[in-house]
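Have a look at the structure below before the remarks.
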Amino acid sequence: MKIVVTGVGYVGLVTGVSFAEMGYNVICVDNCQKKIELLRAGKSPIHEDGLEELMDKHKNKIVYTSDYQTAYSNADVIFIGVGTPENIDGTANLKYIHEVINQILENIKKDLLIVIKSTVPVGTNDQIEYHLKQKLSNKVNVNIVSNPEFLSQGTAVKNALCPSRIIIGLESKEAEKIMRKIYRPLTDKNIPLIIMNRKSAEMTKYASNSFLALKISYINEIANLCEKVGADIEEVSNGMGLDPRIGNKFLRAGIGYGGSCFPKDTKALYMLSKKTNCILKTIKASIDINKKQRLKIVEMVKKDFNNNLKGKEIVVLGLSFKPNTDDLREAPSIEIVKKLIKYGAKITVYDLASIENFKKIFKNKIKYEKEIIKAIKDKDIALIVTEWQEIVDFELKNYEKYMKTPIIYDGRNCYNKIEINKTDIKYKSIGRIW
Ligand code: UGA
């Protein structure tokens, strides 16, 4: 079976490499020549644990190319994993998907299965099939399948090879046979594969991401209330999470969710609900809560310093939207730094992977440090924005030793009370009472 994967971003590249690990020969196509060259040299354009090792292990099974004509005309199955960014109004922008579909149309020579992995609004797969059937002669048969991904950045390779479930939306028995065959190496390991209609598969993706986003916003609201009434969110989350009906995942309070998925997908689902006049009030609430929560530590600092941050030396620890990635898409750090600059503070930032990307946004408006001790040295205030393990493990006595005044606002609740109480650090976090 000739498998082609289009797009070498998080979804496409991880999918392609995982198929190689599952035993297939794969052609990875992307129109960005620079990325293709990088991949051919054994380097991944994205920062993802274990990915380059697998690329190396399977270098004889994976071909990277921008020659989509040849790839598409010989393919039996094409997986599409290109981006679906957000339009200004919050709807999903499908231009990259349409580009690929048109390229496929120009090059199709035989029966083909097209599998959409990208997150697309409900009904998109049906529209694509309709469009293709209008344009194609009856000589070739094309089937469209929705196969949303559930990869998390930082653990994407693991998630692809050992997913919690494989969701497949399709409308034909032929397509089902092929999809079951492709995923056989995983279903043989008892990973559940669920067949449903295409619209249900598309909705499963949006509903899953939005539910997780909602869970985070919920726990953040409870954390804010905890602060008012003297409860502790860590204890509350722990107490709630032990109920298997609730589960202990995604109950970590903090300064909200970021990344390329939750913010975009909640908005797209909300827009769909508006369009169909079936408004999802819970999702709207989650979006609004998250917007406010992102700036919570800035508001705390501002209040404690009587609205006067002018000239204060502030260090921001952690920039990426979550640890173990260099991704800054929708990262709270960006808005936080913008606000602090506006208030006249002098900013230094520290991160393990995204300093170079951050420089592209803030240029010489702020200082950059790749060593945490240098970053905190002589600073008035430290803000913890991303819970990199190196920050969590950083010894508290260092803040006392190197900062001008050891004051920490911890947006990710990295440190525990007992340890903090052994120091003279002035420490504030989210939803916890001292
Ligand atoms: C998310 C989903 O978890 C994946 O299942 C999905 O496939 C992916 O989106 C996607 O649609 O492609 P990802 O964006 O990589 O994955 O990151 P998560 O680990 O889900 O974290 C998202 C955000 O929520 C981060 O900013 C994180 O800091 C925040 N978060 C997470 C919390 O604030 N609290 C929590 O308890 C958990």
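Start at 1 and go down the list; that is how both ligands and their atoms are numbered. No experiment lies behind these values; they were computed from the predicted model shown.
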Which protein N or O atoms sit under 3.5 Å from any N or O of ligand 1? Give each pair with its distance.
unit_1: ligand 1; atom_1: 3 (O); unit_2: S152; atom_2: OG; d: 3.2
unit_1: ligand 1; atom_1: 7 (O); unit_2: E149; atom_2: OE1; d: 3.4
unit_1: ligand 1; atom_1: 7 (O); unit_2: L151; atom_2: N; d: 2.9
unit_1: ligand 1; atom_1: 7 (O); unit_2: L151; atom_2: O; d: 2.8
unit_1: ligand 1; atom_1: 7 (O); unit_2: K205; atom_2: NZ; d: 3.2
unit_1: ligand 1; atom_1: 11 (O); unit_2: K205; atom_2: NZ; d: 2.6
unit_1: ligand 1; atom_1: 11 (O); unit_2: N209; atom_2: ND2; d: 2.7
unit_1: ligand 1; atom_1: 12 (O); unit_2: E149; atom_2: OE2; d: 2.9
unit_1: ligand 1; atom_1: 15 (O); unit_2: Q153; atom_2: N; d: 2.7
unit_1: ligand 1; atom_1: 15 (O); unit_2: K322; atom_2: NZ; d: 3.2
unit_1: ligand 1; atom_1: 17 (O); unit_2: K322; atom_2: NZ; d: 3.1
unit_1: ligand 1; atom_1: 19 (O); unit_2: K322; atom_2: NZ; d: 2.9
unit_1: ligand 1; atom_1: 26 (O); unit_2: G258; atom_2: N; d: 2.9
unit_1: ligand 1; atom_1: 26 (O); unit_2: F321; atom_2: O; d: 3.0
unit_1: ligand 1; atom_1: 34 (N); unit_2: R252; atom_2: O; d: 3.0
unit_1: ligand 1; atom_1: 36 (O); unit_2: L251; atom_2: N; d: 3.4
unit_1: ligand 1; atom_1: 36 (O); unit_2: R252; atom_2: N; d: 2.9

In chain order, what residues pass the side-chain hydrogen bond (donor to acceptor under 3.5 Å, both in side chains) check against N197, with sequence neighbours excluded? S200
According to the interplanar angle, ranging from 0 to 90°, do the rings of Y399 and Y415 count as parallel (below 30°), tilted (30 to 60°) or perpendicular (above 60°)? perpendicular
What heavy-atom pair brings T325 and W388 nearest, and what distance separates the two atoms? O-CZ2, 3.4 Å
Strictly under 6.0 Å, is that where the ring centroids of Y409 and Y427 end up? no
So which of K292, R294, K291 actually passes salt bridge (charged side-chain N to carboxylate O under 4.0 Å, His left out) with E335? R294
So among Y68, Y96, Y72, which one has a side chain to side chain donor-acceptor pair (under 3.5 Å) with T6? Y72
